[in-house]
Protein chains: 2
Amino acid sequence: MSTSRGARQLTIKEVASHAGVSPMTVSRTLAGGRNVRPDLQERVMAAVQELGYYRNENARSLRPGQPSGLVGVAITNLANPYYGNFALGVEEVAAEHGRRIMLGNSGEDDARERQLVSDFIGRQVDGLILVPTSGEAEHLRPERLGDVPLVLASRRVPGLEVDTVLLDDVGGAYRGTVSLLDAGHTRIGFLGNRSSVFTGERRYRGYEQAMAERGLVVDPLIVARAQQDVAAASRAARAMLDLEDAPTAIFSANNRNTIGALREIGRRIREGLPGPAVVSFDDFELSELMPVPVTIIDHDARLLGREAATLLFSRLDGSAEGAPRTVELPVTIEHP
Amino acid sequence: MSTSRGARQLTIKEVASHAGVSPMTVSRTLAGGRNVRPDLQERVMAAVQELGYYRNENARSLRPGQPSGLVGVAITNLANPYYGNFALGVEEVAAEHGRRIMLGNSGEDDARERQLVSDFIGRQVDGLILVPTSGEAEHLRPERLGDVPLVLASRRVPGLEVDTVLLDDVGGAYRGTVSLLDAGHTRIGFLGNRSSVFTGERRYRGYEQAMAERGLVVDPLIVARAQQDVAAASRAARAMLDLEDAPTAIFSANNRNTIGALREIGRRIREGLPGPAVVSFDDFELSELMPVPVTIIDHDARLLGREAATLLFSRLDGSAEGAPRTVELPVTIEHP
DNA sequence: TTCGAGGTTGGTAACGTTACCAATCTCAAG
DNA sequence: CTTGAGATTGGTAACGTTACCAACCTCGAA
């Protein structure tokens with residue numbers, strides 16, 4: 001019975017003396033029981049049960065060569081359901097490999113990301129999975145990480161050659177835009193992230209490419225690339241749709257912009273104004289119930305997480321060596 | 001330059017000899033620099049920078065009395081955006097207290113939860129925050145946890161008296177149901193979780209109470225309480241609405257059931273069938289654009305996470321002692 | 001000048017664990 | 001009965017860190 005204060009930690013020694021064996025026998029039993037007599041193993045396990053002993057994993061990983069079994073995961077915005085699913089995918093694969101994840105939210109803040117990474121390293125993580133903010137790469141150089149393998153997800157960091165899992169941003173945006181063009185639209189607005197955000201840039205490129213192929217010039221008046229949240233996206237959509245020469249369709253480069261745009265479009269429709277067609281990079285629930293047709297460029301964030309973790313563990317297991325690899329996951333297009 | 005294999009860990013000793021001081025001086029400097037000459041501190045910090053040294057937090061926490069700075073968080077379903085926000089709230093407060101979180105997903109599986117908890121304990125977490133599965137409480141008893149403080153969120157565990165953060169499930173469900181009754185509905189269907197899930201039970205109770213107050217008997221034909229995912233919720237809604245005597249309104253006890261119900265309702269409306277009014281416990285985006293009026297019983301999952309973490313840290317700081325506390329967070333009702 | 005208080009520095013031991021080695025035991029073959 | 005191979009067991013040291021103590025230094029007061 002452990003009481004309020006102090007309550008010294010239960011150690012392998014107590015278990016050993018309780019079972020009448022040496023600490024080494026307890027350690028060996030807990031490690032799988034190779035070369036330990038079955039009756040002693042039983043006594044040890046009984047003592048463990050009775051005392052409620054948990055092995056101290058920190059002390060264990062202190063010995064050289066012992067992995068900590070921890071993976072550090074830093075994402076940019078846990079409030080976004082996409083990143084929740086991403087984290088879930090990572091957690092699943094980690095659990096399958098007997099590892100645990102330490103999760104941090106960088107909130108797109110560079111300094112916070114640096115702090116998270118150094119903290120993860122200090123806690124002896126076996127590997128790192130990062131959705132990088134768009135800042136510097138200095139703190140992510142392999143030599144700064146002390147040989148802890150790093151996998152980037154969703155975004156690349158300029159000048160940093162490491163394992164990376166990406167979406168087919170350019171292709172998805174291209175195909176989504178083409179579907180609008182095929183439907184007869186020629187004046188297509190764009191809502192997206194700052195161009196310094198990797199995905200924002202790539203998705204814009206796909207949009208631009210499709211427009212250019214049809215000989216259409218992109219009008220800067222109907223391109224808004226600075227919205228990081230729903231409210232800003234709503235305002236940008238409003239400005240665009242209030243124009244004399246308003247777009248008849250909108251390409252939205254991510255979930256947050258789509259929700260904002262649709263909020264504004266819903267408002268207009270309730271006022272009897274026309275609503276433009278929408279293509280959204282990123283799915284959202286009940287898109288089929290929207291008052292305007294919404295085409296979805298969909299992908300599986302959970303799978304993205306699983307792939308990132310798989311890439312990491314292939315490095316940890318030594319089953320993959322050599323040059324950094326990039327996996328680009330396909331996206332699907334769902335017409336309304 | 002650290003090369004591929006081996007690459008022994010950089011220790012405080014290397015830093016010390018590089019700075020020409022003893023390891024103790026390095027330790028003291030890193031601990032805040034009390035009673036260390038400024039010029040030596042500078043030499044130490046320069047060496048830390050130059051070598052890229054990170055203190056080994058595991059070794060650090062091995063010393064008795066040193067906290068690990070880790071909080072174990074186990075939630076039931078990270079794919080649900082609510083729990084993503086919950087985790088975010090916990091992470092935020094933990095970061096404010098200089099702590100890191102270890103995150104596990106139990107997937108409503110009892111065995112997995114037990115495994116997570118014992119793993120967290122083995123990794124010397126300073127505290128635990130749990131959205132419990134509905135199973136046993138044995139592995140959560142204080143004496144089994146070795147004095148590691150535990151906070152439950154969202155749900156209670158029968159027979160376990162610990163700090164808990166809950167929502168006002170009963171009151172919210174009651175008020176939501178009353179709003180339907182006030183609008184003239186008397187035949188109100190119920191969609192929810194298994195009754196063994198704490199919130200499922202409480203929300204049903206609120207619904208039942210409101211009905212009883214108006215002298216209405218709940219018809220078991222329009223009560224479905226076994227759906228854990230969107231597809232099952234859709235089927236349940238369909239069965240209910242296909243009845244001769246179909247409900248004119250539906251009370252949905254959670255996000256997943258709401259989405260499922262609305263998917264079915266949207267289908268019916270496209271076919272020209274009538275759609276019932278909906279009250280949803282849990283918000284979702286773009287609810288204002290639905291083809292039927294949706295009343296939202298809303299709450300802040302992120303705040304729930306923040307409250308849980310705050311409760312935990314008040315135990316860790318010793319600013320709270322004594323009997324377990326329960327915090328019940330209010331919910332708001334948003335009419336369409 | 002001596003003394004002592006207080007600031008600064010370093011050596012030692014300990015935290016809980018396991019790799020390594022040495023010691024002991026078992027048992028079959030000679 | 002001896003030998004030795006192999007299985008089993010335990011003692012010791014080390015992982016990286018910091019609390020504790022002892023030693024030293026500085027400087028003002030007596």
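Every chain is numbered from 1 and lettered A, B, ... according to where its sequence line falls, protein lines coming before strand lines.
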Considering just the side-chain nitrogens and oxygens of [X], establish if one lies under 4.0 Å of OP1 or OP2 belonging to [N].
X	N	value
B/Arg60	D/dT18	yes
A/Thr25	D/dT8	no
B/Arg55	D/dT18	yes
B/Asn35	C/dT8	yes
B/Gln66	D/dA19	yes
B/Tyr53	D/dT17	yes
A/Thr11	C/dG16	no

Between [N] atom [atom2] and [X] atom [atom1], what is the distance in whole Å?
X	N	atom1	atom2	result
B/Asn58	D/dA14	CG	P	21 Å
B/Gln41	C/dG7	CD	P	15 Å
A/Leu30	C/dT18	CG	C1'	12 Å
B/Gln124	D/dT17	CD	P	17 Å
B/Glu57	D/dC15	CD	C1'	16 Å
A/Asp39	D/dA7	CG	P	17 Å
A/Lys13	C/dT17	NZ	P	9 Å
A/Met24	C/dC21	CE	P	13 Å

Handout entry: Over 12 foreign heavy atoms within 6.0 Å of CD, A/Glu108
Key =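 More than 12 within 6.0 Å, yes.
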
Practice task
Determine, for A/Arg306 against A/Glu91, whether the closest basic-nitrogen to carboxylate-oxygen distance falls under 4.0 angstrom.
Solution key: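 So A/Arg306 does not pair with A/Glu91 through a salt bridge.
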
Problem - 5′-ward residue of the pair A/Asn56/B/Val36 relative to DNA chain C - result: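 That would be B/Val36.
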
Practice task
Between B/Arg28 and A/Ile12, name the one whose nearest nucleotide on DNA chain C is closer to the 5' end.
Solution key: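 In this pair, the answer is B/Arg28.
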
Exercise for the section: Could you tell me whether a side-chain N or O of B/Ser314 sits under 3.5 Å from a main-chain N or O of B/Leu312, the two making a donor and an acceptor? Expected result: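 Not confirmed, B/Ser314 side chain does not pair with B/Leu312 backbone.
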
Practice task
Ignoring the backbone of B/Arg37, work out which of D/dA19, C/dT8, D/dT9 is nearest its side chain.
Solution key: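 Nearest nucleotide to the side chain: C/dT8.
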
Problem - Among D/dT12, D/dA14, D/dG16, the one nearest B/Leu62 by side-chain distance - result: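 The answer is D/dG16, which lies nearest to the side chain.
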
Problem - Check against side-chain hydrogen bond (donor to acceptor under 3.5 Å, both in side chains), A/Thr310 and A/Glu307 - result: CA-CA 5 Å; A/Thr310 302; A/Glu307 285 291 331; 5.4 Å; no

Problem - Student check: side-chain heavy atoms of B/Val26 and B/Lys13 closer than 4.5 Å - result: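 B/Val26 vs B/Lys13: side chains apart.
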
